[in-house]
Amino acid sequence: MKSIYICVLMVLSLCAYAQKDPKLQLIDFSEFNFEIVKSDFIETKTIKETIKPLDIKANYWDHTVYNPYKDVIVKFPLQLQFKDSTYHSPIEKSKVVTSRYGWRRGRAHKGIDIDLVTGDSLYTMFDGIVRMSRYSSGHGKTVVVRHYNGLETVYAHLSEYGVKENDTIAKGHYIGKGGVSGNARGSHLHLVVNYKGISINPEYLFDFNEHNLIRANELWITKKWTRPTSHNSKRQSKIDLLFSEEQALASLIKQKFFYVVKSGDTLSRISKRNNVSINSLCKTNTIGRNAVLKIGQRLVIEQ
């Protein structure tokens, strides 16, 4: 195109000059055949980096065991991140927590129990891939979903499976029906949240109300929130969120104070009043669970 413009300008210039000088003869360009040659242009494209999705099946992907991370050492405090501000409720109706994460009847209860009727539909809380969908000792019919931030959510005591192992599922995907399979006292959903095989108190991460809120997009986890002995299954623990590594490390420094035993006090009552486990009370004060308390006795409370 540029060449054509130059030719036209040359012709016009010659014509103008020829009019001034009659000695010059104009060339008849009609006798020539012009071939317009198109230039080859190289189209440059912006090369975008292709971000490959995290391969959460690359390591410790085993369908046959509940916890494939038995040989993994997890360092604390650890950070968890969530891309969303909400989770999808595992059940369709209001969530009634009937038993919490903590010490229960002399055993560790590593999840929370949510009331339901056998046959109620269940849904996954986040995007992920089904690692396990089979019977597990104690848990009965169980679905384990691995998520892209390292967590696994466990849905136990099902009556019917709705997904298969290796299924890629989205947040809110149907995964089965609730029931009483395994070691269950009445129909309920036993919900467990694990990180590399270590359970985390679900109520530290999620608010189990009608808003389905994740407590924060970034949270730091200390061992306190992974030890059932530090919590009571009959009541919700006091939630003190840790938003930075500095806060997490500072929380590990235990505070001690004295409690003076009053009339009618028992270890159970003192533990509830001070939000500390009976085990912790006994260990800190070097006493047994059946120890006789005296009015005016001073106990060390360590939090």
Side-chain angles (χ1 to χ4, degrees), residues 52-70 72 74 78 80-93 95 97 101 109-114 116 119-179 181-182 184 188-208 212-215 217 219 221 225-226:
K52 296 181 179 179
L54 179 65
D55 185 5
I56 58 177
K57 296 170 62 177
N59 299 305
Y60 304 97
W61 190 258
D62 190 340
H63 306 305
T64 62
V65 295
Y66 174 76
N67 179 17
Y69 294 101
K70 289 182 178 179
V72 176
V74 178
L78 64 89
L80 285 180
Q81 296 181 324
F82 298 90
K83 67 176 184 179
D84 297 326
S85 59
T86 61
Y87 63 91
H88 192 284
S89 177
I91 63 173
E92 289 181 314
K93 55 188 180 182
K95 296 177 286 296
V97 179
Y101 184 95
H109 187 232
K110 296 183 177 182
I112 63 171
D113 293 344
I114 300 176
L116 54 71
D120 282 350
S121 295
L122 300 176
Y123 306 90
T124 185
M125 297 173 70
F126 303 101
D127 298 347
I129 303 176
V130 179
R131 180 176 65 79
M132 183 177 178
S133 180
R134 62 179 64 198
Y135 197 92
S136 176
S137 178
H139 284 159
K141 292 182 178 180
T142 304
V143 170
V144 179
V145 181
R146 184 173 294 182
H147 306 290
Y148 295 96
N149 64 346
L151 287 180
E152 286 190 341
T153 50
V154 180
Y155 311 83
H157 304 316
L158 276 62
S159 61
E160 182 180 311
Y161 299 114
V163 288
K164 304 184 299 299
E165 290 161 353
N166 291 317
D167 281 354
T168 298
I169 56 178
K171 174 181 176 180
H173 192 284
Y174 169 75
I175 58 171
K177 296 185 181 298
S181 62
H188 67 274
L189 167 64
H190 179 60
L191 176 68
V192 181
V193 178
N194 289 332
Y195 178 81
K196 294 186 177 180
I198 296 176
S199 64
I200 299 174
N201 188 335
E203 293 188 278
Y204 176 72
L205 304 175
F206 313 117
D207 196 356
F208 288 92
N212 303 327
L213 294 176
I214 300 171
R215 295 197 185 274
N217 290 115
L219 284 171
I221 314 297
W225 296 104
T226 67

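Reckoned from all heavy atoms, side chains included, excluding hydrogens, waters and symmetry mates. The model shown is predicted, which means the values in this text are computed figures rather than measured ones.
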Student: Which atoms form the tightest heavy-atom contact between Lys177 and Gly119, and what is the distance?
Tutor: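 Minimum heavy-atom separation between Lys177 and Gly119: CD-O, 3.5 Å.
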Student: Search all heavy atoms of Ile175 against all heavy atoms of Val143 and return the closest pair with its distance.
Tutor: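 Taking Ile175 first and Val143 second, the nearest heavy atoms are O-CG2, 4.0 Å.
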Student: About how many Å separate CD of Glu152 and CD1 of Ile198, when rounded to the nearest 0.5 Å?
Tutor: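 The CD1 atom of Ile198 sits 12.0 Å away from the CD atom of Glu152.
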Student: May I ask you to decide if Ser133's main-chain N or O and Glu165's side chain share a donor-acceptor pair within less than 3.5 Å?
Tutor: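 Between the backbone of Ser133 and the side chain of Glu165 there is a qualifying donor-acceptor contact (under 3.5 Å).
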Student: Can you find a heavy atom in the side chain of Leu151 that is under 4.5 Å from one in the side chain of Phe82?
Tutor: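 Result yes, sub-4.5 Å side-chain heavy-atom pair found.
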Student: Can you tell me how far apart NE2 (His157) and OG (Ser136) are? Round to the nearest 0.5 Å.
Tutor: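 Between atom NE2 of His157 and atom OG of Ser136 there are 10.0 Å.
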Student: For the aromatic rings, using the six-membered ring if either is Trp, is the centroid distance between Phe206 and Phe126 under 6.0 Å?
Tutor: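 Ring-ring flag for Phe206/Phe126: true, centres closer than 6.0 Å.
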Student: In terms of heavy-atom contacts, does NZ of Lys164 have more than 12 from other residues, nucleotides or ligands at under 6.0 Å?
Tutor: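 Result for NZ/Lys164: open.
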Student: Quick one: pull up CG in Asn59 and NZ in Lys196 and give me the separation to the nearest 0.5 Å.
Tutor: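 Taking CG in Asn59 and NZ in Lys196, the distance rounds to 8.5 Å.
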Student: Counting N and O atoms only, with roles assigned by atom type, does the side chain of Tyr87 sit under 3.5 Å from a partner on the main chain of Asp207, one being a donor and the other an acceptor?
Tutor: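 Checked: pair present.
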Student: Side-chain contact, heavy-atom cut-off 4.5 Å: Tyr195 with Ile221?
Tutor: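 Tyr195 does not reach Ile221 side chain to side chain.
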Student: Measure the CD1-CG distance between Ile200 and Leu219 for me, rounded to the nearest 0.5 Å.
Tutor: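 Rounded to the nearest 0.5 Å, the CD1-CG separation comes out at 9.5 Å.
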Student: Is a donor on one side and an acceptor on the other found under 3.5 Å between the side chain of Ser159 and the backbone of Gly178?
Tutor: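 Checked: pair present.
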Student: So Tyr101 and Phe208, ring-ring contact (aromatic ring centres under 6.0 Å, His included) or not? Walk me through it.
Tutor: CA-CA 13 Å; Tyr101 184 95; Phe208 288 92; over 10 Å; no
Student: I'd like to know whether NZ of Lys95 has more than 12 heavy-atom contacts from other residues, nucleotides or ligands below 6.0 angstrom.
Tutor: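 Yes, enclosed.
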Student: Report the distance from atom CD1 of Ile129 to atom CG of Asp127, rounding to the nearest 0.5 Å.
Tutor: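 With rounding to 0.5 Å, CD1 (Ile129) is 10.0 Å from CG (Asp127).
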Student: Does the side chain of Trp61 reach to within under 4.5 Å of the side chain of Asp55, using non-hydrogen atoms?
Tutor: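 Not touching, per the 4.5 Å side-chain cut-off.
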Student: Of all the heavy-atom pairs spanning Leu191 and Pro202, show the shortest one and how long it is.
Tutor: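 Where Leu191 meets Pro202 most closely, the heavy atoms are O-CG, 4.2 Å.
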Student: Check whether the ring centres of His190 and His109 lie less than 6.0 Å apart, and answer yes or no.
Tutor: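 Yes, close enough.
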Student: Is there a side-chain contact between Lys171 and Asp84 (heavy atoms, below 4.5 Å)?
Tutor: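 Touching, per the 4.5 Å side-chain cut-off.
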Student: Is it true that, when you exclude Tyr60 itself, more than 12 heavy atoms of the residues, nucleotides or ligands shown sit nearer than 6.0 Å to its OH?
Tutor: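 Atom OH in Tyr60 is not crowded, with 12 or fewer foreign heavy atoms closer than 6.0 Å.
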Student: To the nearest 0.5 Å, what is the distance between CG (Leu158) and OH (Tyr135)?
Tutor: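 Reported value, rounded in 0.5 Å steps: 12.0 Å.
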Student: Taking only Lys NZ, Arg NE, NH1 and NH2, and the carboxylate oxygens of Asp or Glu, determine whether Asp62 and Lys70 approach each other closer than 4.0 Å.
Tutor: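 Between Lys70 and Asp62 there is no salt bridge, as every charged N stays at least 4.0 Å from the carboxylate O atoms.
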Student: May I ask you to check whether Asn149 and Lys83 show a side-chain donor-acceptor distance below 3.5 Å?
Tutor: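 Lys83 and Asn149 do not have a side-chain donor-acceptor pair below 3.5 Å.
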Student: Are Asn194 and Lys110 side-chain neighbours, meaning at least one heavy-atom pair lies under 4.5 Å?
Tutor: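 No, side chains not in contact.
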Student: Please name the pair of heavy atoms, one in Ile114 and one in Pro90, separated by the smallest distance, quoted to 0.1 Å.
Tutor: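 That closest heavy-atom pairing would be CD1-CG, 4.2 Å.
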Student: Hey, mind stepping through Asp120 and Ile91 against side-chain contact (heavy atoms from CB on, under 4.5 Å) and telling me if it holds?
Tutor: CA-CA 7 Å; Asp120 282 350; Ile91 63 173; 5.7 Å; no
Student: Is there a side-chain contact between Arg131 and Ile56, using heavy atoms and a 4.5 Å cut-off?
Tutor: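 The answer is no, as the side chains (C-beta and beyond) never meet within the 4.5 Å cut-off.
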Student: Among Val154, Val145, Thr64, Val144, whose side chain to side chain contact (heavy atoms under 4.5 Å, CB included) with Met132 holds?
Tutor: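 So, applying the side chain to side chain contact (heavy atoms under 4.5 Å, CB included) to Met132 and each of Val154, Val145, Thr64, Val144, only Val144 qualifies.
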Student: Please tell me if the side chains of Asn67 and Val65 come closer than 4.5 Å, counting only heavy atoms from C-beta onward.
Tutor: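 Not in contact.
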Student: Take Thr124 and Tyr155 through the side-chain contact (heavy atoms from CB on, under 4.5 Å) test and state the conclusion after the steps.
Tutor: CA-CA 9 Å; Thr124 185; Tyr155 311 83; 3.5 Å; yes
Student: Looking only at non-hydrogen atoms, find the nearest pair between Tyr66 and Pro68 and report the distance.
Tutor: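 Here Tyr66 and Pro68 meet closest at O-CD, 3.5 Å.
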Student: Got Thr153 and Val192 here, is their nearest side-chain heavy-atom distance under 4.5 Å?
Tutor: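 Contact flag for Thr153/Val192 side chains = no.
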